[in-house]
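Order of listing sets the numbers, starting from 1, for every ligand and every atom in it. Residue numbers run from 1 in the order of the sequence given. Atom set for the values below is all heavy atoms of this structure, side chains included, hydrogens, waters and symmetry mates excluded. None of the values given here were measured: they were computed from a predicted structure.
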Amino acid sequence: MLIESLNPATGEIIGQVESTAVNQIGRIVSEARIAQSEWNAMPLNSRGQLLRKFGELLLSRRKIVAELMSRENGKPVVEAYTSEIIPALDFVKYYTGKSRKIVRRRRVKIGIPLLKTKKAFVRYEPLGVVGIISPWNYPLMLPLGQIIPALMAGNSVIFKPSEFTPLVGGLIGDFMWEVGIPKRVFSIVQGGAEVGAALVSSGLDKLFFTGSTVTGRRVSEAAAKTLTPVSLELGSKDAMIVLADADIDSAASGAIWGAFMNAGQTCVSVERCFVDEKIAGQFIEVLRKKTAALRTGAGTESGTDIGAIIHKAQYDIIRRHISDATSKGARIVSGAEYTEEGGRHFVKPTILADVPMDCLLMKEETFGPVLPVVEFKTEREAIELVNASKFGLSASIWTADSKHGLEIACKVRAGAVTVNDVISYYGISDGVVGGVRESGTGRVHGREGLLEMVSPKYYEVERAPRMKKLWWYRYDDALLSFFETATDFLFFKDIFRKAGSLFKLAPKILRIRKS
Ligand code: NAD
């Protein structure tokens, strides 16, 4: 079966790829498993060299990649650089440079004196075959944030791009294979839900899923049947809190960029904006003026700020959320204008004020260029409003007092909280991304992202192999008495009690009989 790739800004077919037959997935996993041991046997530096070459190829073909991403996903070309190519290249640089240090073997420090005859260490070993299922909204940066550390750690990878961005997904494979990464070490399966579901149940060693909470729940249920470990990076309803002392102009610029970039189709988009009532009127007016200057259109056209919506289903959700909010009393400050013709879907950047908390726009992920603004009276109220969501990917606090901003950040339930900026933390390779609650369970990027790709294994050598251990058989009253006193000696802090129990230990040890 062929998958057609459509340009969401024009409705044109820009390419086709062959969908992977579901009955081929078992074979692909078996081949990846065989190839993995050879890949892992390569020195880490050699794997790093190949991935560096991948980075060089991506850099040299950046214009073609940026153009394709804009055509296939709809994003402005400038965003293809800022939120895809630049962070992706930085992931390559980061993981090829830092992996050795992060996964180097760790000596185990033994606390209990009776165990000190052992020498032990922990090695971080590859998981085996990992599956990576990705969404369409960041078709390059998102999967590479997982593919690069997975390969560096010595795993083989089976990657399923979204059925809405199969060409960008295919290009990642072409580049990997061109630099010499074996096809069985990095393979691609193309297709939609059926192919994804088959991959989930194929006996992977771990699955990394990024996508909606609805699909994530399905994936998690299916993976439970084979006890396949899953990392879930899911949807959100990220909040922004604007305190009365914030720089209004800067906060307004951050809010509209945070809400509208990639046409609002970003997991860490600003989807709820809470502003102190003392500055709300002025803040909303600045938002309105700045939004009026934004241009909506094809991402490939120079000067476009907001591109197309990926498909009709997403467009319908956005419209439904806006109309539900306005029917419940929300006021349109700007936007709420739509274009739907010839398979193209655009939503003008929309700002709504006086939005009631019980509407879909404040509760469910909208994933469109919509900024709902709600006023608050006290900081406590603002924190409660933010934490009322079932999601928790990230949040931001805007204030002139960054120390105070961090104090509020501690009270916000989310995987990341930033002070005076939004979204861009996602591109920091050494940072960490992941949600709480219905935003997911896994962590990507940084040290933690690499540690998700390995299995810590414990190794130990007993340096006194002929010595029978005190805790071995036989058990009798002498042994019990020894260990009671040993417990007192090890854990009581009182120095006299410690000294007393040490004094009693010597004769007790002599009474122990070993078989
Ligand atoms: P989606 O859940 O519809 O699809 C994601 C991927 O899952 C696609 O490749 C799809 O083919 C596949 N899939 C669908 N059904 C499947 C099944 N039953 N089993 C296995 N795979 C299946 O999501 P989407 O519309 O592509 O992406 C948008 C969503 O992704 C939003 O909710 C967004 O918030 C989320 N997202 C989260 C993050 C994050 O870091 N937390 C990043 C980007 C996007």
Side-chain angles (χ1 to χ4, degrees), residues 3 8 17 19-20 22 25 72-73 83-84 87 131-146 158-166 168-169 188-202 204 207-225 228 230-238 261-271 309-318 364-368 389-394 414-416 423 425-427 431-445 449 452:
I3 306 170
V17 301
S19 177
T20 307
V22 164
I25 291 184
E72 194 172 44
N73 163 285
S83 63
E84 301 261 16
I132 294 176
I133 297 182
S134 294
W136 46 264
N137 61 337
Y138 289 90
L140 183 86
M141 177 275 290
L142 271 180
L144 285 177
Q146 297 173 334
I158 302 175
F159 167 45
K160 192 196 92 57
S162 166
E163 62 274 38
F164 298 104
T165 49
V168 177
I188 294 194
V189 294
Q190 292 276 15
E194 213 191 334
V195 174
L199 187 59
V200 175
S201 327
S202 64
L204 297 167
L207 174 75
F208 292 83
F209 173 83
T210 309
S212 62
T213 298
V214 172
T215 313
R217 194 170 277 123
R218 243 174 250 152
V219 163
S220 191
E221 282 167 9
K225 292 192 182 126
T228 302
V230 216
S231 160
L232 300 169
E233 302 293 330
L234 308 178
S236 194
K237 193 82 208 162
D238 282 2
M261 68 102 53
N262 207 26
Q265 304 166 115
T266 301
C267 53
V268 287
S269 279
V270 177
E271 292 222 356
I309 303 303
I310 189 77
H311 48 50
K312 170 133 173 73
Q314 193 55 51
Y315 172 81
D316 287 344
I317 293 172
I318 301 166
E364 300 298 331
E365 188 178 47
T366 306
F367 230 50
S389 174
K390 62 185 177 185
F391 298 107
L393 194 49
S394 51
I423 297 183
Y425 86 93
Y426 209 105
V432 65
V433 176
V436 298
R437 299 168 157 188
E438 294 194 16
S439 289
T441 55
R443 291 294 179 267
V444 291
H445 304 171
E452 293 252 0

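Take Phe367 and apply the ring pair (Phe, Tyr, Trp, His ring centres under 6.0 Å) test, not counting sequence neighbours, and it matches Trp136. Glu84 pairs by the salt bridge (Lys or Arg N to Asp or Glu O under 4.0 Å) definition with Lys75, not counting sequence neighbours. Applying the side-chain hydrogen bond (donor to acceptor under 3.5 Å, both in side chains) test to Glu163 and every residue at least two apart in sequence or in another chain returns nothing.
With hydrogens and angles disregarded, no donor-acceptor distance shorter than 3.5 Å links the side chain of Thr366 to the backbone of Gly368. A donor-acceptor contact shorter than 3.5 Å links the side chain of Ser212 to the backbone of Thr215. Within the 3.5 Å criterion, the main-chain N or O of Gly264 finds a donor-acceptor partner in the side chain of Ser269.
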One pair per line, please: each N/O atom of ligand 1 matched with every protein N/O atom under 3.5 Å away, atom names first, then the distance to 0.1 Å.
| from | atom 1 | to | atom 2 | distance (Å) |
| --- | --- | --- | --- | --- |
| ligand 1 | 2 (O) | Ser212 | N | 2.9 |
| ligand 1 | 2 (O) | Ser212 | OG | 2.7 |
| ligand 1 | 2 (O) | Thr215 | OG1 | 2.7 |
| ligand 1 | 9 (O) | Ser134 | O | 2.7 |
| ligand 1 | 9 (O) | Lys160 | NZ | 3.0 |
| ligand 1 | 11 (O) | Lys160 | NZ | 2.8 |
| ligand 1 | 11 (O) | Glu163 | OE1 | 2.6 |
| ligand 1 | 19 (N) | Ala197 | N | 3.4 |
| ligand 1 | 23 (O) | Ser212 | N | 3.4 |
| ligand 1 | 25 (O) | Trp136 | NE1 | 2.9 |
| ligand 1 | 26 (O) | Trp136 | NE1 | 3.2 |
| ligand 1 | 30 (O) | Gly211 | O | 3.3 |
| ligand 1 | 32 (O) | Glu365 | OE1 | 2.5 |
| ligand 1 | 34 (O) | Glu365 | OE1 | 3.4 |
| ligand 1 | 34 (O) | Glu365 | OE2 | 2.6 |
| ligand 1 | 40 (O) | Tyr426 | OH | 2.5 |
| ligand 1 | 41 (N) | Leu234 | N | 3.2 |
| ligand 1 | 41 (N) | Leu234 | O | 2.8 |

